[in-house]
Number of protein chains: 2
Amino acid sequence: MGEIAEAKAGARGARGAREPLRRDRILRTAVAIADEGGVEAISMRRIARRLGVVPMALYKHVENKDDLLNGMIDVVVGEIDPAIEGADWKTAVRERILSARRTLLRHPWAARVLESRTEPTPAIIAYFDSMMGIFLAGGFSVDLMHHALHVMGSRILGFSQELFDDASSAPDEEAIAMWSEMAERYPNIAALIRELAAGQISHEQATAVGGACDTQVEFEFALDLILDGLERLLASSRDGSDVARPSASKEARTTADPDDASASPAPI
Amino acid sequence: MGEIAEAKAGARGARGAREPLRRDRILRTAVAIADEGGVEAISMRRIARRLGVVPMALYKHVENKDDLLNGMIDVVVGEIDPAIEGADWKTAVRERILSARRTLLRHPWAARVLESRTEPTPAIIAYFDSMMGIFLAGGFSVDLMHHALHVMGSRILGFSQELFDDASSAPDEEAIAMWSEMAERYPNIAALIRELAAGQISHEQATAVGGACDTQVEFEFALDLILDGLERLLASSRDGSDVARPSASKEARTTADPDDASASPAPI
DNA sequence: TCCTAGGGTGTACGTCGTACACTCGTCAAC
DNA sequence: GTTGACGAGTGTACGACGTACACCCTAGGA
């Protein structure tokens with residue numbers, strides 16, 4: 001959003017009062033490098049080389065590599081579209097999250113870097129605050145909004161925990177054969193693979209059922225299931241009969257280890 | 001599950017036909033090191049030192065560091081309790097996931113290592129297969145079961161994407177003051193912090209609403225919301241009127257970039 | 001007795017992040 | 001015009017890291 005022009009202007013105007021935009025240049029080339037080569041391509045030395053500068057020069061603008069990664073995340077999160085105005089909370093949340101997903105798909109390394117962060121960056125804080133605002137404006141109590149954030153988890157930032165990206169969405173013959181061999185050890189996985197292959201052959205109806213494993217469809221399916229659940233809770237909280245929460249949670253916590261407290265991290 | 005005894009027996013029986021259990025010893029001490037010092041404590045050199053051996057010795061039993069990490073994950077995932085027999089699908093899934101969570105809380109590094117894996121390990125494959133079996137036995141179609149796995153996401157392995165673990169669950173005075181200062185920039189976060197603090201003062205009612213941010217409660221809340229949603233879909237799929245899916249997903253995909261295909265990874 | 005193979009060793013390379021001391025330009029104050 | 005401070009880029013160096021490669025040593029079979 002105009003940051004490029006800004007950075008250029010800063011570098012150009014060698015006579016300007018000052019040119020503090022060097023950090024931006026570093027972050028932007030770091031993002032570019034990551035876009036090309038993935039997470040493991042991000043190294044201080046490579047960024048410096050790309051900038052035609054000695055590695056230690058970066059440290060005049062960036063505290064350390066962690067700070068650099070935080071800055072990169074801020075660049076990416078800053079690309080998420082702002083919330084749309086005037087929509088009901090559900091579509092506002094939905095569209096915002098889908099925008100976040102689009103952004104993260106443009107920067108496939110970002111999800112992994114995000115996971116490795118240990119504290120939120122300014123852009124993320126702003127993003128969460130605005131997301132909370134959507135919920136509150138939609139009639140959520142602070143408590144229910146808090147739960148909603150936890151329920152969304154990483155999906156709120158546009159990605160689900162997609163483990164094992166090698167399980168290609170369209171199983172090829174080799175995969176089918178392999179899993180068929182293991183069918184007696186892993187019968188259910190084999191069944192799934194069979195079904196995926198069948199759906200694929202029958203001409204890829206993107207309607208979830210029978211179709212091949214389409215991550216966009218799956219993402220939206222999960223998102224909508226969760227939004228529907230929240231909508232129901234919101235409605236029941238307005239009836240006000242009892243505090244809104246899903247069924248099984250009405251009992252007290254069931255299985256927590258008493259010694260967990262220190263081990264469990266807490267998100268926002 | 002008897003692996004200790006097995007490993008011991010292997011090391012003991014210096015006269016046995018062979019003692020191929022060296023890999024186990026390596027994995028177990030690696031897990032111990034990670035339990036003590038976190039992810040960044042895991043290095044080939046440190047593991048070797050702990051074993052009183054030169055670093056390169058490890059490579060006779062482990063392909064490389066990635067293989068080592070996979071092995072460590074298998075050790076951890078192997079600690080998850082097997083599914084309980086004879087229960088309905090919902091409680092079976094619920095209990096299994098809570099067991100996974102307990103396991104992951106015992107090994108706080110494991111979630112982060114899991115996230116970094118690029119392909120599933122044998123123990124994870126077995127875990128997923130058995131989880132799929134629960135769903136299918138509960139009456140899920142293969143398709144709905146597939147959606148269910150996606151909906152669960154990382155929760156199925158016992159952790160939610162808990163970003164930013166420094167936001168301590170009980171905000172102290174300093175945090176409250178800090179966020180109050182930023183209240184006009186981040187009004188909604190400030191509201192949440194206030195509410196959390198208030199709940200905390202009013203004597204920690206663990207009943208979600210009004211209580212401090214308790215990650216166990218939040219985890220179960222999200223889990224139950226999702227399980228409730230799946231239950232509803234299962235019921236509606238049995239009525240058979242239409243294919244079961246959440247509301248908004250009934251329209252075709254809305255916002256996917258046409259060029260996404262290669263960028264989006266696909267989980268099982 | 002020798003051969004072989006498997007497990008442990010030693011050395012070495014390239015990469016990484018970054019501490020520390022330096023140079024060099026620009027500019028304000030005198 | 002000289003000086004001195006300061007911000008930005010440099011150079012060198014250190015201690016990690018993962019791991020390739022060649023070596024040894026020992027036990028067991030021929």
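Just so it is clear, the values below take in all heavy atoms, side chains as well, and ignore hydrogens, waters and symmetry mates. Residue numbers begin at 1 in each chain, while the letters A, B, ... track the order of the sequences.
- Rounded to an integer number of Å, the gap from CG of A:D66 to P of C:dC16 is 17 Å.
- Picking from D:dT19, D:dC17, C:dC16 the nucleotide with the shortest atom distance to the side chain of B:Y59 gives D:dT19.
- When the C1' atom of C:dG6 is taken as reference, atom CZ of B:R23 falls 17 Å away, rounded to whole Å.
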Could you run down the sub-3.5 Å N/O contacts of the protein with nucleotides 9-11 of chain C?
unit_1: C:dT9; atom_1: OP2; unit_2: B:V54; atom_2: N; d: 3.0

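- Atom-to-atom, NZ of B:K65 to C1' of C:dC16 comes out at 12 Å; the value is rounded to the nearest Å.
- The existence of a salt bridge linking A:E40 and A:R46 is excluded, since no basic side-chain nitrogen approaches an acidic carboxylate oxygen closer than 4.0 Å.
- With respect to the salt-bridge test (charged N to carboxylate O, under 4.0 angstrom), the residues B:R117 and B:D66 qualify.
- Atom CG of A:L51 is separated from atom P of D:dG9 by 10 Å (rounded to the nearest Å).
- Separating the CD atom of B:E40 from the P atom of D:dG15 is a distance of 21 Å, rounded to the nearest angstrom.
- Across all non-hydrogen atoms, the minimal contact from A:H150 to B:A222 is O-CB, 4.4 Å.
- Judged by distance alone, the side chain of B:D74 and the main-chain N or O of B:A123 form a donor-acceptor pair under 3.5 Å.
- Between the side chain of B:R45 and the base of D:dG18 there is at least one donor-acceptor pair of N/O atoms closer than 3.5 Å.
- C:dG8 atom P lies 18 Å from atom CZ of B:R49, rounded to whole Å.
- Taking only side-chain nitrogens and oxygens, B:H61 never comes nearer than 4.0 Å to OP1 or OP2 of C:dG6.
- Under the rule for a side-chain hydrogen bond (donor to acceptor under 3.5 Å, both in side chains), the partners of B:S130 that lie at least two apart in sequence or sit in another chain are B:R96.
- Residues satisfying the side-chain hydrogen bond (donor to acceptor under 3.5 Å, both in side chains) test with A:E63, not counting sequence neighbours, are none.
- Checking the phosphate oxygens (OP1, OP2) of D:dA16, no side-chain nitrogen or oxygen of B:R46 falls inside 4.0 Å.
- For B:N64, taking side-chain heavy atoms from C-beta onward, the closest of the listed nucleotides C:dT18, D:dA8, D:dT19 is D:dT19.
- In this structure, the CE atom of B:M44 is 10 Å from the P atom of D:dA20, given to the nearest Å.
- Here D:dG9 presents its C1' atom at 12 Å from CZ of A:R25, a figure rounded to the nearest Å.
- A close approach under 4.0 Å does occur between a side-chain nitrogen or oxygen of A:R22 and OP1 or OP2 of D:dG9.
- The minimum heavy-atom distance linking A:R106 with A:D35 is given by the pair O-OD1, 4.0 Å.
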